[in-house]
Amino acid sequence: MSGQAPDFGQLQVGDELPTLTFGPVTRHVLALYCGGSGDHNPIHVDSDFAQQAGLDDVIAHGMLSMAVLGRMVTEWIPQQQLRAYSARFMAITPVHATVTCSGRVSRIFEEDGERRLRLKLRTRIDDGKTTLSATATVALP
Amino acid sequence: MTIFNREYLGHVSEPASVQVELGQLRLFAKAIGETRDIYLDEAAARQAGYRSVLAPPSFGTCLWSLAPRTGPDAEELGIDYRYLLHGEESFSYQGLIFAGDTITLQDRIDKMYEKKGGAMDFMELVATATNQLGEQVQQRRTTLIMRRPQA
């Protein structure tokens, strides 16, 4: 565990989550994620295959960025508070990219008898391009 | 052909069960840089009040890759991995998944449609995951895209 738990009662719309940086995404990381996730699509680990598909090189799994972004959220609030999490994959993450995760509170509301936050999240790569645009809904503890 | 096979639109898979293996969770954690002990160590997870080691929020997707396939396979669906993209992934959570759980998955091919004059073909799948206690722990929607290869 790192840092101090945020004071969830004091949160306001616009408050930002601590950012998380991951990478560079090496071929080794892609191989680990291939095995760890069970997603064996060769486009993530086999550069010959990637080139045959018209790419310069292998690309990272979009779900790898989603997992790292999820880690940023659960480092901020325990996972059992998470009610929903969704991501749109906006751009390809090339091998060797560094992924930066960020997020902020976009809404505070009541739902199903709980006080909940909507989080607006994203991942970006080195050139600033957004690779994932995501949202999460969390219930306040 | 690089479109999803419309024959399977509306197809509901037979339930498929898969065990959540601790070693699998540890490898997943290693890949994503997860070092907190509730995601790695059984004793630590129990001490923190969990049944066992936690599966991270997006791990649910992996269960579909790891489970025995009961629905159409990639080839039957018309998937060509060279041109396959992941469009969207969405979860709603009713509970947590732990190491040692047996999760039963069932999915339905909800939509197939094209965009950009056929340059991109879409498939949306909706799915549920239920644990060995009969509790539905999550729902998932995934959108896959096949791009038409450059001529």
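Convention: sequence-line order gives letters A, B, ...; per-chain numbering from 1. Everything numeric here is computed off the predicted structure, so don't read it as measured data.
Ranked by heavy-atom pairs under 4.5 Å with chain A, the first of B/Arg82, B/Gln94, B/Arg140 is B/Arg82. Between chain A and the residues B/Ser92, B/Gly87, B/Pro56, B/Gly23, the most heavy-atom pairs under 4.5 angstrom are made by B/Gly87. Interface summary for chain B: among A/Thr135, A/Thr74, A/Val68, the most heavy-atom pairs under 4.5 angstrom belong to A/Thr74. No other option in A/Gly62, A/Gly35, A/Gly70 has as many heavy-atom pairs under 4.5 Å with chain B as A/Gly35. Ranked by non-hydrogen atom pairs under 4.5 Å with chain B, the options A/His61, A/Arg88, A/Gln52, A/His28 are led by A/Arg88. The candidate with the highest count of non-hydrogen atom pairs below 4.5 Å against chain B, out of A/Ala136, A/Ala134, A/Gly36, is A/Gly36. Of the listed residues (B/Pro57, B/Gly95, B/Ala29), the greatest number of heavy-atom pairs within a distance under 4.5 Å of chain A belongs to B/Pro57.
Contact detail for B/Tyr83 and A/Ala53: the closest heavy-atom pair is CE2-O, 4.4 Å.
Connection of B/Leu96 to B/Val18 is not established within any shared hydrophobic cluster, with ILVMFWY side chains joined at heavy-atom distances below 4.5 Å, either directly or through further cluster members. The hydrophobic clustering, which links ILVMFWY residues whose side-chain heavy atoms are closer than 4.5 Å, places A/Tyr33 and B/Leu40 apart. Note on B/Leu144: it does not cluster hydrophobically with B/Met120, by side-chain heavy-atom contacts below 4.5 Å among ILVMFWY residues. B/Phe98 and B/Ile38 fall within the same hydrophobic cluster, defined by Ile, Leu, Val, Met, Phe, Trp and Tyr side-chain heavy atoms under 4.5 Å apart, directly or through other members. Under a hydrophobic clustering in which Ile, Leu, Val, Met, Phe, Trp and Tyr are joined whenever their side-chain heavy atoms come within less than 4.5 Å, directly or via other members, B/Phe4 and B/Tyr8 fall into the same cluster.
With values rounded to the nearest 0.5 angstrom, B/His86 atom NE2 is found 13.5 Å from A/Ile92 atom CD1. Here OG of A/Ser37 is found 11.0 Å from CG of B/Leu63. Values are rounded to the nearest 0.5 Å. With values rounded to the nearest 0.5 angstrom, B/Glu89 atom CD is found 4.5 Å from A/Met63 atom CE. Between the OG atom of A/Ser65 and the CD1 atom of B/Ile32 there is a distance of 11.0 Å, given to the nearest 0.5 Å.
Under the 4.5 Å side-chain criterion, counting only non-hydrogen atoms from C-beta, B/Arg36 is in contact with A/Arg71. The shortest side-chain heavy-atom distance between A/Gln80 and B/Tyr93 does not fall under the 4.5 Å cut-off. Residues B/Phe91 and A/Met66 are in side-chain contact: their nearest non-hydrogen atoms beyond the backbone lie under 4.5 Å apart.
Contact of A/Ile43 with chain B is made through the side chain alone, with heavy-atom distances under 4.5 Å. Residue A/Tyr85 touches chain B through both its backbone and its side chain, counting heavy-atom pairs closer than 4.5 Å.
At a heavy-atom cut-off of under 4.5 Å, chain A is reached by B/Ser65, B/Leu66 from residues 64-76 of chain B, listed in order of number.
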Handout entry: Criterion ring pair (Phe, Tyr, Trp, His ring centres under 6.0 Å) on B/Tyr81 and A/Phe49, from CA distance to verdict
Key = CA-CA 10 Å; B/Tyr81 282 113; A/Phe49 186 90; 7.6 Å; no
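Between the side chain of A/Gln79 and the main chain of B/Ala55, a donor-acceptor pair closer than 3.5 Å is present. Side-chain atoms of B/Glu88 do not come within 3.5 Å of backbone N or O of A/Phe89 as any donor-acceptor pair.
Atom CD of B/Gln47 has 12 or fewer heavy atoms from other residues, nucleotides or ligands within 6.0 Å.
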